**Student:** 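This is the structure, below, for whatever I ask next.
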Amino acid sequence: MSDPPPITPLSDAEPGQQADCFVVLAAKDRAKTRDGKPYFRVSFRDAARKATAMIWNDTRWFADCESTWQAGGFYKIRCRYEENQYGPQIDLLQIREVTDDDAADGFDPADFFVTTRFDPQEMFAELLEIVDEHITDAPLKQLVVNLLKDNEAQVKDSAAAVRNHHAFRGGFLEHVLSVTRTCLFLADKYLAYYPETEPPLSKSLVVAGGILHDIGKLRELESQPQGFAYTAEGRLVGHILLGRDIVREYASAIDELDAETLLRLEHIIIAHQNLPEWGSPIAPHTPESLLVHYADDIDAKYHMMATALELPPEEGEEFTPRDNPLRRSIFRGLNSPQP
């Protein structure tokens, strides 16, 4: 009797390799073939790779998949790993739920969560420093500080999205800090360029808007073992209106907050995605909301492009594949001199 294959992280498996892996079941989607036969498309993942297993109705796994396999559950699988035009695939050979005994073989639930590359405590401290230094409107500063400190743990832990950009633990804070840094730069630049606008550009509002533009995501998303998912509020209301609700709740406790300042801050939150198809019911109608929109947009899109370019290129690859959130091939560089 041959020895079992070694425990291998799914993300380390090579095409054609048979391996035992600890995985989390990320998704289980039921569908039908053209002949009307049911099947499941199941996604398993570790922290760095997701792979698909097709569970056809005439295989021994179909009944268990239908009745007992749960998204978010941890499993030990034996599989043959492959890659094709549809991405990473696995041919499932054995599967069982993880047990306490698997800790002896290295299983740790914490290993299955992608996290920010940066220190959340340092990022949070920098955000508070920016508030203290650059929001000169005292009631507005109080609102932002109260909101951040009351929700500190969630701000540090949350993702910025379910997919596409900063979709990992700490991604919310990483994105918000990056957007706020860009907001600072843009506010200083355009205050110097256009000092005579009436009213003048409010740097305090630009900074506050950068920090709070996505605050509704604290209620829109929730952490689950298989990753971040939408709450009922997130699906039915969305982070833009939830964010305005949160800001209004905190503003109600600050009597000194100017009504127009609050209105302008609400507009930044509501308009920061610019287009109805992106979730905003109205486009930016103030200078502050315009700057926050573009700071947010470039940070999300640059993250998508950078993530695609961080993947190791195939030999001779001049362009990345199109299977990235931007749905475009990104130029890596020429492989041979041009005449």
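If you're wondering where the values come from, they're calculated on a predicted model, not measured in any experiment.
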**Student:** Do the rings of Tyr194 and Tyr190 sit parallel, tilted or perpendicular, given the 30° and 60° boundaries?
**Tutor:**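 Because their plane-to-plane angle is under 30°, the rings of Tyr194 and Tyr190 count as parallel.
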**Student:** More than 12 heavy atoms of other residues, nucleotides or ligands under 6.0 Å from CZ of Phe331: yes or no?
**Tutor:**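 For Phe331, atom CZ is crowded (more than 12 foreign heavy atoms under 6.0 Å).
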**Student:** Rounded at 0.5 Å granularity, tell me how far CD in Glu266 sits from OG in Ser289.
**Tutor:**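 Glu266 CD to Ser289 OG: 13.0 Å, rounded to 0.5 Å.
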**Student:** Between Glu220 and Arg235, does any NZ, NE, NH1 or NH2 come within less than 4.0 Å of an OD or OE carboxylate oxygen?
**Tutor:**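 No.
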**Student:** Take Arg96 and Asp102 through the side-chain contact (heavy atoms from CB on, under 4.5 Å) test and state the conclusion after the steps.
**Tutor:** CA-CA 11 Å; Arg96 65 165 173 79; Asp102 288 317; 2.8 Å; yes
**Student:** Is it true that atom CG of Asp100 has more than 12 heavy atoms of other residues, nucleotides or ligands lying nearer than 6.0 Å?
**Tutor:**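 Atom CG in Asp100 is not packed in, count stays at 12 or less.
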**Student:** Is the closest side-chain heavy-atom distance between Phe40 and Pro38 below 4.5 Å?
**Tutor:**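 When only atoms from C-beta onward are counted, Pro38 and Phe40 do not touch, as no gap falls below 4.5 Å.
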**Student:** Counting only N and O atoms by type, is there a donor-acceptor contact under 3.5 Å from the side chain of Asp35 to the main-chain atoms of Lys37?
**Tutor:**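 No: the side chain of Asp35 does not pair with the backbone of Lys37.
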**Student:** Quick check on the 6.0 Å ring-centre criterion: do Phe172 and Phe228 meet it?
**Tutor:**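 No, they do not, as the ring centres are separated by 6.0 Å or more.
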**Student:** Mind checking whether Tyr250 and Asn151 have side chains closer than 4.5 Å, heavy atoms only?
**Tutor:**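 They are in side-chain contact.
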**Student:** Of all heavy-atom pairs between Ser252 and Asp255, which one has the smallest distance, and what is that distance?
**Tutor:**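 In terms of heavy atoms, the two residues are closest at O-OD1, 4.3 Å.
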**Student:** Looking only at non-hydrogen atoms, find the nearest pair between Ala159 and Leu221 and report the distance.
**Tutor:**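 Between these two residues, the closest heavy atoms are O-CD1, 3.8 Å.
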**Student:** Check this for me: Arg332, atom CZ, are more than 12 non-hydrogen atoms of other residues, nucleotides or ligands nearer than 6.0 Å?
**Tutor:**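 Count over threshold, so yes.
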**Student:** Quick test of your reading of the model: are Lys76 and Glu97 salt-bridged, counting only N-O distances below 4.0 Å?
**Tutor:**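 No, this pair does not count.
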**Student:** Are the side chains of Leu173 and Ser158 in touch, meaning some heavy atoms are under 4.5 Å apart?
**Tutor:**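 They are not in contact (no side-chain heavy atoms under 4.5 Å apart), so the answer is no.
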**Student:** Are any non-hydrogen side-chain atoms of Tyr75 and Val24 less than 4.5 angstrom apart?
**Tutor:**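 No; the side chains remain at least 4.5 Å from each other.
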**Student:** Apply side-chain contact (heavy atoms from CB on, under 4.5 Å) to Ile77 and Phe22, showing your working.
**Tutor:** CA-CA 6 Å; Ile77 63 172; Phe22 293 122; over 6 Å; no
**Student:** Looking at every heavy atom in both Thr320 and Ala308, which two are closest together, and how far apart are they?
**Tutor:**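 The pair with the smallest heavy-atom distance is CG2-O, 4.1 Å.
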**Student:** Would His303 and His166 satisfy ring-ring contact (aromatic ring centres under 6.0 Å, His included), going step by step from the backbone distance to the final call?
**Tutor:** CA-CA 7 Å; His303 177 88; His166 301 90; 4.0 Å; yes
**Student:** Could you tell me whether a side-chain N or O of Asp132 sits under 3.5 Å from a main-chain N or O of Leu128, the two making a donor and an acceptor?
**Tutor:**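 Not at all, since once roles are kept as given, no pair shorter than 3.5 Å links the two residues.
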**Student:** So if you build clusters from Ile, Leu, Val, Met, Phe, Trp, Tyr with side-chain heavy-atom gaps below 4.5 Å, do Ile270 and Tyr294 land together?
**Tutor:**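 They do not share one cluster, since no chain of ILVMFWY contacts under 4.5 Å joins Ile270 to Tyr294.
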**Student:** Output the distance between atom OG1 (Thr182) and atom CG (Leu177), rounded to the nearest 0.5 Å.
**Tutor:**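 If we round to the nearest 0.5 Å, Thr182:OG1 and Leu177:CG are 9.5 Å apart.
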**Student:** So which residues get pulled into Leu93's cluster when ILVMFWY side chains under 4.5 Å apart are joined, directly or through others?
**Tutor:**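 Its cluster partners, ordered by chain and number, are none at all.
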**Student:** Indicate, with yes or no, if Leu127 and Leu205 share a hydrophobic cluster defined by side-chain heavy-atom contacts under 4.5 Å among Ile, Leu, Val, Met, Phe, Trp and Tyr.
**Tutor:**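 Leu205 and Leu127: one cluster.
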**Student:** Between the main-chain N or O of Ile269 and the side-chain N or O of His213, is there a donor-acceptor pair closer than 3.5 Å?
**Tutor:**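 A pair under 3.5 Å: no.
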**Student:** Do Asp91 and Tyr81 have a side chain donor and acceptor closer than 3.5 Å?
**Tutor:**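 Distance-only check fails for Asp91 and Tyr81.
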**Student:** Just by distance, no angles: are the side chains of Glu222 and Thr231 close enough, under 3.5 Å, to form a donor-acceptor pair?
**Tutor:**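 No, because no side-chain N or O of Glu222 sits under 3.5 Å from a partner of the opposite role on Thr231.
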**Student:** If only atom types and distance count, is the side chain of Glu288 paired as donor or acceptor with the main-chain N or O of Ser202 below 3.5 Å?
**Tutor:**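 Yes: the side chain of Glu288 pairs with the backbone of Ser202.
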**Student:** So, Ser280 side chain and Pro276 main chain: donor-acceptor pair closer than 3.5 Å or not?
**Tutor:**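 Not at all, since once roles are kept as given, no pair shorter than 3.5 Å links the two residues.
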**Student:** Could you state the interatomic distance from OG1 (Thr116) to NE2 (His175), rounded to the nearest 0.5 Å?
**Tutor:**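 With rounding to 0.5 Å, OG1 (Thr116) is 12.5 Å from NE2 (His175).
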**Student:** First locate atom CE of Met123, then atom NZ of Lys156, and finally report the distance between them rounded to the nearest 0.5 Å.
**Tutor:**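 Reported value, rounded in 0.5 Å steps: 10.0 Å.
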**Student:** Would you kindly confirm whether Val179 and Ile130 end up in one hydrophobic cluster when ILVMFWY residues are joined by side chain heavy atoms under 4.5 Å apart?
**Tutor:**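 Unlinked, Val179 and Ile130 end up in two clusters.
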**Student:** I'd like to know if Asp29 pairs up with Arg41 as an ion pair, taking the criterion as any Lys NZ or Arg NE/NH1/NH2 lying under 4.0 Å from an Asp or Glu carboxylate oxygen.
**Tutor:**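 Looking at Arg41 together with Asp29, the answer is no, because their closest N to O distance does not fall below 4.0 Å.
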**Student:** Are Gln70 and Leu25 close enough that some pair of their side-chain heavy atoms sits under 4.5 Å apart?
**Tutor:**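 With C-beta onward as the side chain, the pair stays apart.
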**Student:** Kindly check if the number of other-residue, nucleotide or ligand heavy atoms within 6.0 Å of CD (Glu249) is above 12?
**Tutor:**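 Buried by this count: over 12 neighbours within 6.0 Å.
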**Student:** Which residue, Val292, Thr197, Leu201, forms the side-chain contact (heavy atoms from CB on, under 4.5 Å) with Pro287?
**Tutor:**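 Among Val292, Thr197, Leu201, the one that satisfies the side-chain contact (heavy atoms from CB on, under 4.5 Å) with Pro287 is Leu201.
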**Student:** Strictly distance-based, threshold 3.5 Å: is any side-chain N or O of Lys28 a donor or acceptor partner for the main-chain N or O of Cys65?
**Tutor:**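 Yes, the answer is positive, given that a donor and an acceptor are paired below the 3.5 Å cut-off.
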**Student:** Can any side-chain N or O of Gln17 pair as donor or acceptor with the backbone N or O of Glu14 at less than 3.5 Å?
**Tutor:**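 Indeed, once roles are kept as given, a pair shorter than 3.5 Å links the two residues.
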**Student:** For ring-ring contact (aromatic ring centres under 6.0 Å, His included), just list the numbers for Tyr39 and Phe62, CA-CA rounded to whole Å, side-chain angles, deciding distance to a tenth of an Å, and then say yes or no.
**Tutor:** CA-CA 8 Å; Tyr39 70 92; Phe62 184 84; 9.1 Å; no
**Student:** If we ignore hydrogens and angles and just use 3.5 Å, is the side chain of Ser43 paired with the main-chain N or O of Ala26 as donor and acceptor?
**Tutor:**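 Not at all, since once roles are kept as given, no pair shorter than 3.5 Å links the two residues.
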**Student:** Give me the atom names and distance for the closest heavy-atom approach of Ile90 to Ala51.
**Tutor:**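 Scanning both residues, the minimum pair turns out to be CG2-CB, 3.9 Å.
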**Student:** Test side-chain contact (heavy atoms from CB on, under 4.5 Å) on His239 and Asp214 and set out the steps.
**Tutor:** CA-CA 7 Å; His239 78 278; Asp214 269 348; 3.2 Å; yes
**Student:** Treat each ILVMFWY residue as a node, draw an edge where side-chain heavy atoms are under 4.5 Å apart, and state whether Leu309 and Phe319 are in one component.
**Tutor:**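 In one cluster: no.
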**Student:** Is the backbone of Leu143 close enough, under 3.5 Å, to the side chain of Asn146 for a donor and an acceptor to pair up by distance?
**Tutor:**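 Such a contact is absent between Asn146 side chain and Leu143 backbone.
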**Student:** Just wondering, are more than 12 heavy atoms of other shown residues or ligands nearer than 6.0 Å to OH in Tyr302?
**Tutor:**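 Atom OH in Tyr302 is not crowded, with 12 or fewer foreign heavy atoms closer than 6.0 Å.
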**Student:** Is it true that Ile215 and Leu242 fall in one hydrophobic cluster, defined by side-chain heavy atoms closer than 4.5 Å?
**Tutor:**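 Result: no, two separate clusters.
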**Student:** When you compare the side chain of Lys50 with that of Leu10, does any pair of heavy atoms fall below 4.5 Å?
**Tutor:**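 The answer is no; the side chains never approach within 4.5 Å.
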**Student:** Let's go through Leu262 and Asp258 carefully: what are the C-alpha distance in whole Å and the side-chain angles of both, what is the deciding distance for side-chain contact (heavy atoms from CB on, under 4.5 Å) to 0.1 Å, and is it a yes or a no?
**Tutor:** CA-CA 6 Å; Leu262 176 58; Asp258 178 72; over 6 Å; no
**Student:** Is there side-chain contact between Trp69 and Ile55, with heavy atoms separated by less than 4.5 Å?
**Tutor:**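 Counting from C-beta outward, Trp69 and Ile55 do come under 4.5 Å.
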**Student:** Once rounded to the nearest 0.5 Å, what's the spacing between atom CD of Glu317 and atom CD1 of Ile330?
**Tutor:**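 One finds 10.5 Å between CD of Glu317 and CD1 of Ile330.
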**Student:** So how far is it from Met305 CE to Ile298 CD1, rounded to the nearest 0.5 Å?
**Tutor:**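 Met305 atom CE to Ile298 atom CD1 measures 10.0 Å (nearest 0.5 Å).
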**Student:** Minimum heavy-atom separation for Arg219 and Ile246, please, with both atom names.
**Tutor:**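 That closest heavy-atom pairing would be CZ-CG1, 3.4 Å.
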**Student:** Look only at the side chain of Arg322 and the backbone of Arg327, and say whether a donor-acceptor pair between them is shorter than 3.5 Å.
**Tutor:**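 Between the backbone of Arg327 and the side chain of Arg322 there is a qualifying donor-acceptor contact (under 3.5 Å).
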**Student:** Is the shortest distance from a Lys or Arg side-chain nitrogen in Lys141 or Asp137 to a carboxylate oxygen in the other one below 4.0 Å?
**Tutor:**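 Salt bridge flag = no for Asp137 with Lys141.
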**Student:** Is any side-chain heavy atom of Phe74 closer than 4.5 Å to one of Phe112?
**Tutor:**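 Yes, at least one pair of side-chain atoms sits under 4.5 Å.
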**Student:** Can a donor-acceptor pair be found between the side chains of Asp299 and His165 at a distance below 3.5 Å?
**Tutor:**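 Checked: Asp299/His165 side chains show no N/O donor-acceptor pair below 3.5 Å.
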**Student:** Please report the closest heavy-atom contact between His267 and Ala283, naming both atoms and the distance.
**Tutor:**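 Shortest heavy-atom separation between His267 and Ala283 comes out as CE1-O, 3.5 Å.
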